[in-house]
Each structure stands twice: as structure tokens, then as C-alpha cells.
Amino acid sequence: MTTSSIIFKFVVFLVISSSFSTHVLSEHSTLQANQTFRPKEELLKLKKIKGYLKKINKRPVKTIKSPDGDLIDCILSHLQPAFDHPQLKGMKPLEPPKRPKANDSMNVMEESLQLWSVSGESCPEGTVPIRRTTEKDVLRSNSLRRFGRKIRRGVRHDTLSNDHEHAVAFVNGEQYYGAKASINVWTPRVTDQYEFSLSQLWVISGTFGNDLNTIEAGWQVSPELYGDNYPRFFTYWTTDAYQATGCYNLLCSGFVQINNRIAMGAAISPRSSVNGRQFDIGIMIWKDPKHGHWWLEFGSGLLVGYWPDFLFSHLRGHASMVQFGGEVVNSRSMGYHTSTQMGSGHFADEGFGKASYFRNLQVVDWDNNLIPLSNLHLLADHPNCYDIRAGKNNVWGNYFYYGGPGRNSRCP
């Protein structure tokens, strides 16, 4: 299979598998137009939601109110949602693993952290900070089953849908045991409640059928999931192509958090500005060579936690592709291309201070070494709307600029 056909299949898969946002929009519109109020059904729905919230929101030892309105609950580590999983019940979080070895020193730019902790608030040792899920959060989703998840609606390999659009860089053809990048943080405009704009890295294995395994992390603006337009640190995982397994952040059992300073799904602060200061977040995902679990690091050495190896099938071994870049939903709810921005909302050729970037792209090899990328490929499936340009130098290593404004004279 050629490189171009592999990435074509993966992008088509992402386009279709994550297209629930657009379907949610149309289904919401239909419901609002035709729905007859049914008290019994509504009460049953609310009862199920309250049951879910009781399960997912554990009793805190402390609660911190973030300036953006979020409630961050400090939950005893052994009571976090991960330990509801049958294979984790009664266990405790693991000790930190051996970090991948770096062969060179990376330049450090200004880093973003999280809005809830800028005042100096933190969770006590022995607890983990978890963004409280509210009834409003769930009600913004089309159904409880879909909340916090990507729902697959069938995969077509014959044509690209225009619902989801990408500007990405990727490597494939080898065995990968992790990936690392610094990602520039912005607040892209999202013009429809059921659209999103994200910038992330994917660690991928399996085919593009029902056995696709992915681990994903980065930042996203998603009014549907979070109820606002802040960029937020997020993770995702699936082991069956987004069908029955996996979720965003800690909205299901799976990811085990060990850090008391980082809350997944919480707003990132500060953010970059055009011709102003630039802020990044560092993301690294790697496979612990001793135990086989996949670990997540945020920023400069903040170990967040891990995905146990038993969650996966193909990723129990290694990844076969690593991808970096941006994605937006284009619902065309107004009958023309969305004005939802990717990255900073500026095209790649506008460069530093205007265009968003990924820098210091690396992968982890079989011997737990961080190494530069070889044979980096680029793809922008709608380059008049969002594009990408790559480069390499001694300071940023492998890097690329990407993004765009969406609707414009060349993207009607």
C-alpha cells in the first residue's frame, strides 16, 4: 500500500468516524422542529443522566472554582473513574516509568498551563484534579450514549466527506513507541455550537476497519463538549475504531491519572496572540518499555498518567503511524463553508506570530530514545481553507505551520 493511500484512508476514517458533530446538529434541528414534549420520556432521560453523573463525579476532598466557571474536584487517586474498570478495581496508580532519552536539548519557549491553577490553587497530594461534569454538559450532547465520545457512522473509502477538514503531518512505515511535540496554543473562533477546532497528535495502530487503536492528546475548542470557547487540554482513546470503547479525558474508565496539578478538559492559559507573545504546550506520549503502558506527559516534565496496555489490541505492541496537526468540523449549517478557524485562523505562509505551529516533532524508537522524524509527509485536504507548510532547523528541529480562516474568497 502506498503512503498516499494509507494517509488517505486514515483521514477519510477520521472524517467519517468523527462526523457525529454534524449529525448532532441536524438531529437537534429536527428534534426542535418536530418534538412533542413527553414528560415520562424526559424524566427517564434525566434519571439516566443523574445516574451517570453520580458515577462519574466522585466525592471530592476539595473543590476549586476556576475563573472560567469550571468546578475542579480533588478526588482521592484510588477513587478516580479509571478504577471503576473491572481490571483496575482494587489497584493503585503505578510509579512513574523511565522517561525516553533525548539526544539533544530543546529550546524552551513560554509555556501555557491551566486557568484553574493560575491563582496558585492546587489539589492536595494523594488526589487528582477532575473537571466536574454537569447536567448541562450532558444535555448539550444529542444523547447520553454519545456524550464524551466519537461515534462512528460507517467508513467510506471512496470519497472524502467535507464535514471534517484537516491539515496534518505524519510518519508511517516503521514501528513507533511514542511521539512528542510542542503545540502553539490559540483561541480559534468556532462559529457553530456543534463544530470544533482542535490541534493534537495521534498515536495509531491497526487497520482502518473495526480494530483501529488510537491515543490522542492536544488542545481543542468545543462548545458542545465544554459549553464555551476556551482552548482546553484533552485526551482521547479507542481500541475499536470509536465504536464502544474510549472517551474524552476521564469521562469513562481507562486512563489512570497520577498528577495533582493538571486537569484534563480544563482551560489552558495564557494563549498566543497575533504579533504578540506565543505560548506552547508540550505533549509526549510513550510506551513504558518495562510494563507496556502508554504514558502521557504535559509541559516540561509533568507526568499526567497512563493508559493501561490491556485497553488495547494493536497498541499492546507498537504504533504504526504518528500524526500531528489540526482538524475542524465544517457543518455548512448556513449553506456555505464554515468560518470556524483552525489554529490561529491564519494560513501557514504567514509564519511566526500569526500562523499556529507544531515544533520539535519527535518519535520514540524501540530502545526508548527520542529521535527526529524521517520522511515526514504533509496533507491539507482543503488547502484553500486550511493549509500546512513544514521546515527544519537547529532550534525547532522538525516543525510546521498550519491552519487558516475557513470561509474566504477561495473557500466559499
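FYI, side chains are in, hydrogens and waters are out, and symmetry mates aren't considered; it's all heavy atoms of this structure. The structure displayed is predicted, hence computed values, not measured ones.
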S.K.: Around R59, counting heavy atoms of other residues, nucleotides and ligands shown, do more than 12 lie under 6.0 Å from its CZ?
M.R.: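 No - once you tally the heavy atoms of other residues, nucleotides and ligands closer than 6.0 Å, there are 12 at most.
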S.K.: Run the side-chain contact (heavy atoms from CB on, under 4.5 Å) check on S374 and V171 step by step: do they pass?
M.R.: CA-CA 7 Å; S374 58; V171 291; over 6 Å; no
S.K.: Can you pull the salt bridge (charged side-chain N to carboxylate O under 4.0 Å, His left out) pairs that have at least one residue in residues 252-277, sequence neighbours excluded?
M.R.: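 Pairs touching residues 252-277 that pass the test: E110-R277.
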S.K.: Residues in side-chain contact (heavy atoms from CB on, under 4.5 Å) with S143, at least two apart?
M.R.: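 Result, side-chain contact (heavy atoms from CB on, under 4.5 Å) vs S143: R145, R146.
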S.K.: Does the N384 side chain pair with the main chain of C411, one donor and one acceptor, at a distance under 3.5 Å?
M.R.: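 Such a contact is absent between N384 side chain and C411 backbone.
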S.K.: Would you check if the side chain of Q278 reaches a backbone N or O of G276 as a donor-acceptor pair within less than 3.5 Å?
M.R.: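 Yes, because the side chain of Q278 sits within donor-acceptor range (under 3.5 Å) of the backbone of G276.
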S.K.: Does either side chain, that of Y176 or that of E174, offer a donor lying less than 3.5 Å from an acceptor on the other one?
M.R.: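 Note: Y176 and E174 side chains miss the donor-acceptor criterion.
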S.K.: Going by heavy atoms in the side chains, are N393 and Y399 under 4.5 Å from each other?
M.R.: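 They are in contact (side-chain heavy atoms under 4.5 Å apart), so the answer is yes.
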S.K.: So, Y236 versus Y242, ring centres under 6.0 angstrom or not?
M.R.: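 Centroid separation for Y236 and Y242: below 6.0 Å.
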S.K.: How about Y357 and D280: does a side-chain donor come under 3.5 Å of a side-chain acceptor?
M.R.: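 Per modelled atom types, Y357 and D280 side chains form a pair under 3.5 Å.
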S.K.: Can you list the residues that meet the ring pair (Phe, Tyr, Trp, His ring centres under 6.0 Å) rule with Y226, with sequence neighbours excluded?
M.R.: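 Y226: no ring pair (Phe, Tyr, Trp, His ring centres under 6.0 Å) contacts found.
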S.K.: With no hydrogens and no angle check, do the side chains of S182 and N360 hold a donor and an acceptor under 3.5 Å apart?
M.R.: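 Not at all, the side chains of S182 and N360 share no donor-acceptor pair under 3.5 Å.
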S.K.: Would a 4.5 Å heavy-atom cut-off, applied to side chains only, mark L198 and F234 as touching?
M.R.: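 In contact.
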S.K.: Just grab all the salt bridge (charged side-chain N to carboxylate O under 4.0 Å, His left out) pairs involving residues 116-128, residues at least two apart or on different chains.
M.R.: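 Salt bridge (charged side-chain N to carboxylate O under 4.0 Å, His left out) check on residues 116-128 returns K62-E121.
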S.K.: Filter on salt bridge (charged side-chain N to carboxylate O under 4.0 Å, His left out), then keep only pairs touching residues 294-304, sequence neighbours left out; what's left?
M.R.: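 Salt bridge (charged side-chain N to carboxylate O under 4.0 Å, His left out) check on residues 294-304 returns R99-E297.
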S.K.: Before giving the answer on side-chain contact (heavy atoms from CB on, under 4.5 Å), spell out for W237 and F312 the whole-Å C-alpha distance, their side-chain angles and the decisive distance to 0.1 Å.
M.R.: CA-CA 9 Å; W237 67 274; F312 304 101; 4.1 Å; yes
S.K.: Determine yes or no for a side-chain-to-main-chain donor-acceptor pair under 3.5 angstrom, with D73 supplying the side chain and P60 the backbone.
M.R.: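 No, D73 side chain to P60 backbone: no donor-acceptor pair under 3.5 Å.
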S.K.: Just by modelled atom types, is the V190 backbone N or O under 3.5 Å from a matching donor or acceptor in the S197 side chain?
M.R.: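 A pair under 3.5 Å: no.
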S.K.: Does the gap between the ring centers of F255 and W307 come in under 6.0 Å?
M.R.: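 They qualify: ring centres under 6.0 Å apart.
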S.K.: Is Y194 close to N142 at the side-chain level, that is, under 4.5 Å between some pair of heavy atoms?
M.R.: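 Result no, sub-4.5 Å side-chain heavy-atom pair not found.
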S.K.: Going by side-chain contact (heavy atoms from CB on, under 4.5 Å), name the residues that satisfy it together with L225, two or more places apart in sequence or in a different chain.
M.R.: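 Testing L225 for side-chain contact (heavy atoms from CB on, under 4.5 Å), a comparison that skips the adjacent residues, returns F147, Q220, S222, Y248, L251.
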S.K.: Begin with the C-alpha distance, continue with both residues' side-chain angles, and end with the deciding distance and a verdict on side-chain contact (heavy atoms from CB on, under 4.5 Å) for L315 and V203.
M.R.: CA-CA 9 Å; L315 282 174; V203 175; 4.2 Å; yes
S.K.: With sequence neighbours left out, write down each residue that passes side-chain contact (heavy atoms from CB on, under 4.5 Å) with L79, or none if nothing qualifies.
M.R.: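 With neighbours one apart ignored, the set is I75, L76.
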S.K.: Kindly write out the residues that satisfy ring pair (Phe, Tyr, Trp, His ring centres under 6.0 Å) with H293, not counting sequence neighbours, or none if the list is empty.
M.R.: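 Listed in chain order: Y306.
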S.K.: Would you list the pairs meeting ring pair (Phe, Tyr, Trp, His ring centres under 6.0 Å) in which at least one residue belongs to residues 56-89, sequence neighbours left out?
M.R.: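 As it turns out, the ring pair (Phe, Tyr, Trp, His ring centres under 6.0 Å) pairs with a partner in residues 56-89, which skip direct neighbours, are H85-F310.
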S.K.: Please examine the side chains of I371 and V363, heavy atoms only from C-beta on, and report whether any two atoms are closer than 4.5 Å.
M.R.: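 Yes, their side chains come closer than 4.5 Å.
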S.K.: Could I get the full list of side-chain hydrogen bond (donor to acceptor under 3.5 Å, both in side chains) partners for D68, not counting sequence neighbours?
M.R.: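 So D68 forms a side-chain hydrogen bond (donor to acceptor under 3.5 Å, both in side chains) with S66, R232.
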S.K.: With a 3.5 Å cut-off and no angle check, do the side chains of T187 and N229 form a donor-acceptor pair?
M.R.: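 Per modelled atom types, T187 and N229 side chains form no pair under 3.5 Å.
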S.K.: Just to verify, which of F358, F324, Y386 counts as forming a ring pair (Phe, Tyr, Trp, His ring centres under 6.0 Å) with Y402?
M.R.: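 By the ring pair (Phe, Tyr, Trp, His ring centres under 6.0 Å) criterion, Y402 pairs with just one of F358, F324, Y386: F358.
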S.K.: Between W286 and Y177, is any pair of side-chain heavy atoms under 4.5 Å apart?
M.R.: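 Not in contact.
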S.K.: Given 3.5 Å as the limit, does a donor-acceptor pair link the side chain of Q257 with the main chain of I262, or not?
M.R.: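 Yes; judged by distance alone, with no hydrogens or angles, the pair exists.
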S.K.: Among side-chain atoms of E165 and H337, is any donor-acceptor pair under 3.5 angstrom?
M.R.: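 A pair is found: one side chain offers a donor N or O, the other an acceptor, under 3.5 Å apart.
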S.K.: Any side-chain heavy atom of K180 sitting closer than 4.5 Å to one from L370?
M.R.: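 Counting from C-beta outward, K180 and L370 do come under 4.5 Å.
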S.K.: Suppose we screen for side-chain hydrogen bond (donor to acceptor under 3.5 Å, both in side chains). Which residues come up paired with K58, at least two apart in sequence or across chains?
M.R.: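 If we apply the side-chain hydrogen bond (donor to acceptor under 3.5 Å, both in side chains) test to K58, skipping adjacent residues, the hits are D84.
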S.K.: Suppose we screen for side-chain contact (heavy atoms from CB on, under 4.5 Å). Which residues come up paired with E135, at least two apart in sequence or across chains?
M.R.: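 Only L46, I49, K50, L53, L139 meet the side-chain contact (heavy atoms from CB on, under 4.5 Å) criterion with E135.
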